[in-house]
Amino acid sequence: MPPPPCAEMGRQCRSLSVVLRVCDLDDRADSGDHEATWLLGHTQSIRFGRLWREDDHLYVRASLRIPCRFLHDSSTRRSRCTAFGYSTVRAVSEQPAAQDRILGKDTFELVERGRLTRRALPAAAAPPRQLPVMTQANPCAAARCRTADHKVGAACCRDLQVEIMCSERNIMLDLLVRARKPPYLCKVTRSEGDALEAEVISACSFLTTDGVSCGLHGRKRPDGRSAKPDLCFEWPKGAETTHPGCVFAPSVPNA
């Protein structure tokens, strides 16, 4: 794949502004809540903007904060494009504030009816007369699952598939997407004439301080639905959805 024909170094070297298709919608106003909450939770490498509905789809503006694979930063604050030889002095800029979705002990940001909303979601009360014993340990805490960057732990909460709106005529954007630094953005394929699919490593900000447990686990939305997105526990049957080392992967009998 050739490098994108950039005329100079610029913002596209470190991040890429795109539109992501969040999900398909039906007639219910809340039909995209789970998918949107799941996607907008993955804020480690993606900064999310405005959500909107168009026809039967939900979209969101986003900045993929993943550098180009041709970008090289030296120790002397100079940055260079290894594809074309451009160079520039690296600016000292402040990183934008993280988009945390856990705002307090029981306060979260999640999507309701197509809008990012702040909600108080108390933890589920313990059943009456419950004995003070430890509950079952989180099976993912000691799992050896890993993502393509070889980081171990919570692989399915750090790895996601995104659908980037990019027509076949938009050759520049297509090349810019494919030039992102792997494995942080990789496996780019054209799913339809108007979109690219890609795998992105961007940890979910609903993970708690141990890096494995989900802050939404066991919590309910005000209408009684699960606050934790159903994508996180209702996996497609028969699909290859597990990472290497996943404790839920089917065991392979010895040959």
Side-chain angles (χ1 to χ4, degrees), residues 1-22 39-51 59-101 116 146-155 157-191 194-207 211 243:
M1 181 62 63
C6 301
E8 60 182 356
M9 297 188 72
R11 187 178 301 174
Q12 78 281 3
C13 298
R14 300 187 181 278
S15 63
L16 199 57
S17 296
V18 296
V19 171
L20 304 181
R21 181 153 51 201
V22 180
L39 177 60
L40 270 66
H42 289 82
T43 61
Q44 181 189 30
S45 300
I46 309 175
R47 188 167 182 83
F48 295 97
R50 181 175 66 90
L51 279 159
Y59 298 94
V60 65
R61 296 196 180 278
S63 174
L64 306 178
R65 306 189 66 80
I66 300 170
C68 176
R69 70 172 184 263
F70 298 109
L71 176 67
H72 174 72
D73 288 331
S74 72
S75 58
T76 59
R77 280 191 55 207
R78 290 204 70 85
S79 298
R80 185 169 67 90
C81 172
T82 61
F84 298 107
Y86 308 137
S87 65
T88 185
V89 176
R90 190 163 64 253
V92 179
S93 59
E94 294 184 2
Q95 291 294 323
Q99 288 184 312
D100 293 327
R101 300 299 184 220
L116 194 62
R146 58 180 173 83
T147 41
D149 60 348
H150 304 298
K151 184 170 182 178
V152 176
C157 302
R158 299 182 57 248
D159 193 355
L160 70 156
Q161 296 286 330
V162 296
E163 194 172 14
I164 303 167
M165 303 310 298
C166 175
S167 73
E168 292 177 317
R169 297 187 300 275
N170 197 341
I171 297 172
M172 184 64 173
L173 178 58
D174 188 303
L175 291 173
L176 284 169
V177 170
R178 295 177 190 273
R180 295 303 97 187
K181 185 176 181 179
Y184 304 102
L185 191 153
C186 61
K187 300 180 182 178
V188 181
T189 59
R190 182 162 290 281
S191 60
D194 66 342
L196 299 171
E197 286 186 354
E199 182 176 312
V200 175
I201 295 177
S202 181
C204 181
S205 60
F206 289 118
L207 291 172
H243 290 81

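Computation of the quantities below employed the complete heavy-atom set of this structure, encompassing side-chain atoms and omitting hydrogens, waters and symmetry-equivalent molecules.
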Taking all non-hydrogen atoms of both residues, which atom of Phe70 and which atom of Pro4 are closest, and how far apart?
CE1-CD, 4.3 Å
Would Asp174 and Arg190 count as a salt bridge (charged side-chain N to carboxylate O under 4.0 Å, His left out) here? Give the steps.
CA-CA 9 Å; Asp174 188 303; Arg190 182 162 290 281; 2.9 Å; yes
Under 3.5 Å, side chain of Ser45 to main-chain N/O of Ser202, donor-acceptor pair present?
no
Measure across Phe206 and Gly41 and return the closest heavy-atom pair with its distance rounded to 0.1 Å.
CE1-CA, 3.9 Å
Rounded to the nearest 0.5 Å, how far does OH of Tyr184 lie from CZ of Arg65?
16.0 Å
Taking side-chain contact (heavy atoms from CB on, under 4.5 Å) as the test, write out the residues that go with Pro5, two or more places apart.
Met172, Leu175
Go through the steps for Val60 and Leu39 under the test side-chain contact (heavy atoms from CB on, under 4.5 Å), then give the verdict.
CA-CA 10 Å; Val60 65; Leu39 177 60; 4.3 Å; yes
Less than 4.5 Å apart, any side-chain heavy atom of Ser74 and any of Arg80?
no
To check you understand the geometry: which heavy-atom pair defines the closest contact between Thr88 and Met9, and what is its length?
CG2-SD, 3.8 Å
Contact summary for Pro182 and Arg69, nearest pair of heavy atoms:
CD-CB, 4.0 Å
Ignoring hydrogens and angles, tell me if any N or O in the side chain of Arg180 forms a donor-acceptor pair with the backbone of Leu176 under 3.5 Å.
yes
Applying side chain to side chain donor-acceptor pair (under 3.5 Å), run through Arg158 and Thr147 and close with a yes or a no.
CA-CA 8 Å; Arg158 299 182 57 248; Thr147 41; 2.5 Å; yes
Counting C-beta onward and ignoring hydrogens, is there a side-chain heavy-atom pair between Val18 and Leu173 closer than 4.5 Å?
yes
Interatomic distance, Cys186 atom SG to Glu199 atom CD [nearest 0.5 angstrom]
4.5 Å
Would you check if there is a donor-acceptor pair between the side chains of Arg14 and Ser79 at a distance under 3.5 Å?
yes
Answer yes or no: is there a side-chain heavy-atom contact under 4.5 Å between Leu16 and Val177?
yes
Interatomic spacing from CE in Met165 to CG in Leu196 - rounded to 0.5 Å:
9.5 Å
Report the C-alpha distance between Leu116 and Arg101 in whole Å, list the side-chain angles of each, state the deciding distance to 0.1 Å, and finish with yes or no for side-chain contact (heavy atoms from CB on, under 4.5 Å).
CA-CA 10 Å; Leu116 194 62; Arg101 300 299 184 220; 3.5 Å; yes
If I take atom CG from residue Asp194 and atom CZ from residue Arg169, how far apart are they, to the nearest 0.5 angstrom?
10.0 Å
In terms of heavy-atom contacts, Phe48 and Leu20 come closest through CE2-CD1, 4.1 Å
For the atom pair CD1 (Ile66) and CG (Leu185), what is the distance rounded to the nearest 0.5 Å?
4.5 Å
Minimum-distance pair of heavy atoms, taken over all atoms of Ser205 and Asp100
OG-C, 4.3 Å
Stepwise side-chain contact (heavy atoms from CB on, under 4.5 Å) check, Asp159 with His243:
CA-CA 9 Å; Asp159 193 355; His243 290 81; 3.0 Å; yes
With rounding to the nearest 0.5 Å, note down the distance linking CG in Leu40 to CD1 in Ile46.
9.0 Å
Is the closest side-chain donor-acceptor distance between Ser87 and Arg78 under 3.5 Å?
yes
After noting the C-alpha distance and the side-chain angles of Asp149 and Lys181, does the key distance pass the salt bridge (charged side-chain N to carboxylate O under 4.0 Å, His left out) rule?
CA-CA 11 Å; Asp149 60 348; Lys181 185 176 181 179; over 6 Å; no
Could you tell me whether the side chain of Thr43 and the main chain of Gln99 form a donor-acceptor pair under 3.5 Å?
yes
